[in-house]
Chemist: 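First the structure, which I've put down as structure tokens, then a few questions once you've had a look.
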Amino acid sequence: MSTKVEPKINRRDFLKASGGVFAVAAIGSKIHTPTLRKKKFFNNKTRRITSTKYGVCRMCQQQYCSLKAQIQDDVVTMVEGVSGSLLSNGCLCARGNSAIPQHYNPYRMKSPLRRTNPIKGFDVDPGWEEISWEEALTIVAGRLKKIRGEDPRKFAYNQGFSRTGIFIGDTDYMRAFGSPNDFRSNGPLCALHFAPASTIGTFLGPNFDFAHTNYCLNIGRNMGPSTGVSGGGSRGDGGIGVRYFMYAMDRGMKLVCVDPRCAPEASHPNGSWIPILPGTELALVLAITHVLMHELKVYDVEFLTWRTNAPYLVTETGLYLKNEDGKPLIFDNEDQQFKTFDDPTLTQPALNGTFTADGKPVKPAFEYLLASAATNTPEWASGICEISAETIRKLAQDLAENALIGSTIKIDDMVLPYRPVAVIVGRGAVSHKRGVLCNLAAINLNMILGSVGVPGGVQSDGYGAHFVPNEKDGLVTLVSEAVPWWATNRQFNYPPTRVDLKDFYPVSHHMPHIAFKAISNPSKYKLDYSIDTLLVYGGNSIQHNCAPDHVIESFKQIPFVVSISYHMDEPAWLSDIILPEDSNLERYIAGRAYRDVSLKDGKPVAFEQTNIQSPVVPRLFDTRQPDDIFIEIAERAGFLYGEKGVFDVINRAFKDEYKLDINKKYTIGELLDRQVKSTWGDASGIEENVPYFQKVVPFKQRYGYTYFPGKDTRHRVYFEHLLQVGLTLKDKLNENGLETVPGWEGKKFFEYYIPVPKWFDDQDANLSDSEYPYRVINWKTPQFLGLVGGSDNPWLYEVSRNFDPYTFGICINPATAKKLGLKSGDEVVVESRYGSTQGRLIFTETIHPICVGIAGNLGRKSPGLNPIAKEGPNYNQLLTGDEGKIDPIAGQIPISEWVRIRKV
Amino acid sequence: MHILVVSANPLFNEILTETIQSGDDIKIEYTGPDQAVIVIGEAKPDILIVDETIAQSELECILKTCRELPKVRTILLNPRGNDFILVDSSRASIREVGDLMQAIGIEQTDIAEEYSNDVFSELAKVARARSGMYIFLAAIFNNRPDVELVKRLRSIGVDTFLCPTEFGDIHEDVSRGLELMSDFVQETMDMPEEEVRQLLGVDWTRLFRGLRPGYGPPPPYESINIEDDNATLDVLKSLSRYYQLENGEPHNRLDYIGMELEYLGYLYDNEAIEWERRNLKEAAETSQEAMQFFMEHPGRWVEKFCENAQEQANTNFYSGFLRLCKGMIGEARVNFDSKIAPGKNI
């Protein structure tokens, strides 16, 4: 034994000795770590390799835009748009460019984490401990397996817009698990789907026709900057796309923006701004309807007669007069007979008159529309919305003149009606207690003018055969949220099945505000179980909702919370386990097959496109694509394979030749490859450096009229189905001993379930508040959509700080400020009856004097986020989701709460 | 030479017999782990080869016995791994299985004496030691602590950490760091292993995983810890030109502290190989590259990070480790600075 350490050694000797000593301490770790020798470092200091890879921008919920990444020495140094992509035409907005800092964010979640401190709160250190995927998945799947065996309803899944592009892990996943509790955080402040789903057969829209609209009345809609700045075509989802909007404006389209705030689009030479009091848009729309129908008597008789339910006969109950087969009846003036809507002998459907059926009076629905509009004069509306009667009449007059009723246009080889006028509404107009009624009334303005689904008029979401007639009543088939929950669920359930109470709000949009109330207090909401485990992915009901403090308390009450997360946002901070997701550049992506319109060589085109991506760069950390996480959990918890397993449930997404073996495991890359092939054929698939598959189609296909021309189908202008939903719900509640929906006792609820939109007084939707004299308004900003990696992204922060003067502060009209003795830059507190927030005053003439404006979704609460995310006022803090205050139909949180303002 | 093999696995014994091929001058005996402590005490072999996969409690007893028998050279051999651990009364080192015969043979033939006069061998040893040091530092940064680590620390003993503190010219941060680590082992000796693991796990996560700003130190990435706010892509590109994993995913950014230190370990290992092969030019170039890499990357930020992080450590183990790391990097810097001082050839 000769290797003996000398008592005194020189520095070199010490190194030898210490090297050995340290190595021994490492022996515990080396067991699960490849030693250096096993790792193969590729060492070539001189190489400077530059390559290009294609992918998909996923920095907003749309996945419109193709992306080209420049990679130097394995580092992504630049991303830009792809010129051939018709969805984005070579552009990439600031959000798209922020994909690089999103990828390299040093504060990303890097490995699974487990909470070691059971006490939850934003002021408590969770004691995070990194654990292996094996441990994390075993813990989560073990819990789910147990719940599934006991009561699957106890597992709830809260998702949101940041789930964009998910293939596994959507509603089908929960169906395979057996729980109805899939509720979302996206949309409670923008519930605008019931109206298009009721009238034009799509979830989104309607939108103007950028190729042919000549006059557009825009009420409360952010036309472009809200989403899809680079892409978006002219789809109806709010992402109009700046490029296409500008094409229309430069072509000469007149744009009138009615909004409490003068948004940038109104500043175009062809644009104008009419300020309105928030929440009064319905009054304006009703008054314009009045002028058209009663003063100008301008309406498209042909369209109303043959393409709407205006001639359908309605009894005193408000319901249709039907024959013994349940078919609605029409009175034919030609032979004075009642006929079904599809009677081939129907010649002159009556729009006017009163008739007698079974001894009782019946009238065409059109009569109800006329009667309802009779008293809604501009003078009446002016007293509510504070727009002068003269202006209202001018708006109606301009609409009437620009509608060119009776004109036609030839597109490709087809002659179509030409109505180059569009009335569109957006979040600002419909996100109030009367929001659904306002949305329906606004779409009805287009119906009156015949400008629906035809060139120049409003369009459905993308192109396609959306106006599918329903044989039962001859009307455009109801879709998505216009179909009552109990119809899709096959029954009304009492006690209710879901924590978001879909049984009680059967045609609502997503209602996380209600879900978290019910989770906190199940018995109050008649639930006979409580939530044990909540999985959060891509949704943030604390930040994208109202009353965040209440949701935080609900989170604390849930025994076990799991988050699939990119960063330490609010739900993640309150979780027990965090499962880290890949960055956008590390994923497989296959965007849905968009049917859209765009510009090619400067001319409008209709096309179909699917964007695809295989990982642009290798993973930086020990993260996974969420789909693969969902697959792993399902496999371990026992609901991935076999009949009714996840793969069985999603199998309908594939064509026969690409169907899954439901007992075999697939990765997300393999699944998406099959999905793409199912749409584009064998020659396609998830391929390296192929950014999209694309097909241009004749432009006439953009118009719904093309698919169902002439008298082939009818739109609703009379919303009997809404009345029917209200009546059915009331009956069901009464049968179970309830007077009304829990929480609505003594408040107007069923009054909103009416067939003709109207204005009525409701003290819970009050138009003044003596203690809180101002109304807060909010608009989305292109930089911060409240999606993953947004408000804590330094690139977007810098863009916002440097180029958007209205973000990070509280906007106020100087006249209002003067009245209050406030100066620009003052630190102020804005308070509503439900909460308060603080910020620095920004003066602007572009805001209604009664309003206080707060942009974006800022003022983040999570201690886990980059401090830049905490900057700015938190607008959502001012809102309420209380029963009585929300829209009883869509469940919409009112977005313009009454507030007061004071200097700090 | 008397070799005693401790294992409950007959195959293990057979393979060793085949490998060592006992002859007149080598006597190999076997014993089961349950009898090992008694047999070792009685036989006092020259070489003790212990199957590392035996029960932890038995292994601990054997190692404790060995520490009291400084003349017994102990080798922990893991049949599943590609390496073994050489332990004597005061220290231990990891070697590849290929070196096993040499490890045994050194003692038999006094080859070490012969090598000690060989300058190449001496340089190789220094490079190997440096490599081991950096790999050790990297391993602690790269790996979350597990129960195995807790067991190993306890079974090997705190004296392993304290050994170098006996040297007179040791850097103060190194000696203090080792003391703190030793303190941790002692103060947690009576705690359940799982509890200690969690204590270490939470501290490791907070210190090195960059969960959020203000929760622990700034994350241990070079581009975060240098004074250029916009350095991320440039630093990553520079590192990417130095190294890239050919296969597998590193599960960390290239500028992570553990990645940079591991790469240094890799370079010094390569240097050692070149010295052993008597490739003077290649060895010198590799040494030069290691120095350049050190000065361009870890040398410009790791000490600062460690100093900052040490103040935020909640356990003496990581507090000590960070101080130790700072000291070791400081030592290296002094060494390099002296080499690149003006007027001197590198």
Side-chain angles (χ1 to χ4, degrees), chain A residues 1-3 5 7-9 11-12 14-33 35-37 39-48 72-75 77 100 104 106-107 110-111 113 116 127-130 568 618-622 863-867, chain B residues 71 73 85 90-94 107 110 112-113 125-126 129-130 132-133 135-136 139-140 142-144 148-149 152-153 156 160 163-164 167-170 198 201-202 205 209-213 219 221 224 232-233 236-237 240-247 249 251-253 262-263 265-266 269:
Chain A
M1 301 298 157
S2 60
T3 44
V5 176
K8 290 286 181 188
I9 56 175
R11 190 176 296 280
R12 173 173 288 186
F14 163 70
L15 188 61
K16 277 197 294 183
S18 58
V21 170
F22 301 140
V24 80
I27 60 176
S29 300
K30 78 181 175 58
I31 288 167
H32 55 79
T33 304
T35 65
L36 187 67
R37 292 179 187 87
K39 272 188 173 174
K40 291 182 169 52
F41 281 99
F42 173 70
N43 185 331
N44 184 351
K45 263 202 70 185
T46 58
R47 74 203 168 99
R48 273 187 166 66
Q72 267 181 28
D73 296 321
D74 302 314
V75 178
T77 55
I100 297 177
Y104 291 110
Y107 295 104
K110 305 170 182 75
S111 284
L113 293 174
T116 60
W128 295 114
E129 180 194 10
E130 212 173 85
M568 191 71 82
R619 289 190 174 104
L620 278 185
F621 303 109
D622 193 11
L865 291 172
N866 188 327
Chain B
K71 288 187 177 175
R73 186 164 190 121
I85 300 159
S90 60
R91 59 197 178 88
S93 60
I94 306 171
E107 306 311 322
D110 279 335
E113 201 60 35
K125 284 179 185 171
V126 172
R130 283 201 176 108
M133 175 186 81
I135 289 170
F136 159 70
I140 297 293
N142 287 344
N143 297 287
R144 49 180 166 267
E148 198 62 26
L149 175 66
R152 294 301 179 110
L153 291 174
I156 287 167
T160 299
C163 167
F167 307 145
D169 60 349
I170 194 168
Q198 184 168 305
V202 171
T205 302
R209 301 307 285 163
L211 296 191
R212 70 166 174 95
Y221 303 110
I224 305 296
T232 301
L233 299 186
L236 292 175
K237 277 195 289 185
S240 175
R241 288 194 285 274
Y242 271 108
Y243 56 83
Q244 180 68 35
L245 289 175
E246 273 186 331
N247 49 25
E249 290 163 348
H251 290 163
N252 228 320
R253 272 171 48 160
E262 189 171 349
Y263 182 65
Y266 165 82
D269 189 60

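Remember, predicted model here, so these are calculated numbers, not experimental data.
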Chemist: CZ/B/Arg144 to OG1/B/Thr205 distance, rounded to the nearest 0.5 angstrom?
Modeler: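 One finds 8.0 Å between CZ of B/Arg144 and OG1 of B/Thr205.
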Chemist: Looking only at heavy atoms and a cut-off of under 4.5 Å, which of A/Lys110, A/Gln72, A/Met568, A/Glu130 has the most pairs with chain B?
Modeler: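 Of the candidates given, the most pairs with chain B belong to A/Glu130.
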Chemist: Picking from B/Leu211, B/Thr232, B/Ile224, which has the most non-hydrogen pairs under 4.5 angstrom with chain A?
Modeler: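 Among the listed options, the one with the most contacts to chain A is B/Leu211.
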Chemist: Identify the heavy atoms of B/Arg209 and A/Ser111 that sit nearest to each other, and give their distance.
Modeler: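 Taking every non-hydrogen atom into account, NH2-OG, 3.8 Å.
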Chemist: Give, as side chain, backbone, both or neither, the part of A/Leu113 having an atom under 4.5 angstrom from any heavy atom of chain B.
Modeler: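 Looking at A/Leu113, just its side chain touches chain B.
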Chemist: For the side chain of B/Tyr263 and the backbone of B/Tyr242, is there at least one donor-acceptor N/O pair under 3.5 Å apart?
Modeler: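 The answer is yes, because a donor-acceptor pair under 3.5 Å joins these two groups.
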Chemist: Could you check B/Lys237 against A/Asp73 for salt bridge (Lys or Arg N to Asp or Glu O under 4.0 Å), going step by step and ending with a plain yes or no?
Modeler: CA-CA 6 Å; B/Lys237 277 195 289 185; A/Asp73 296 321; over 6 Å; no
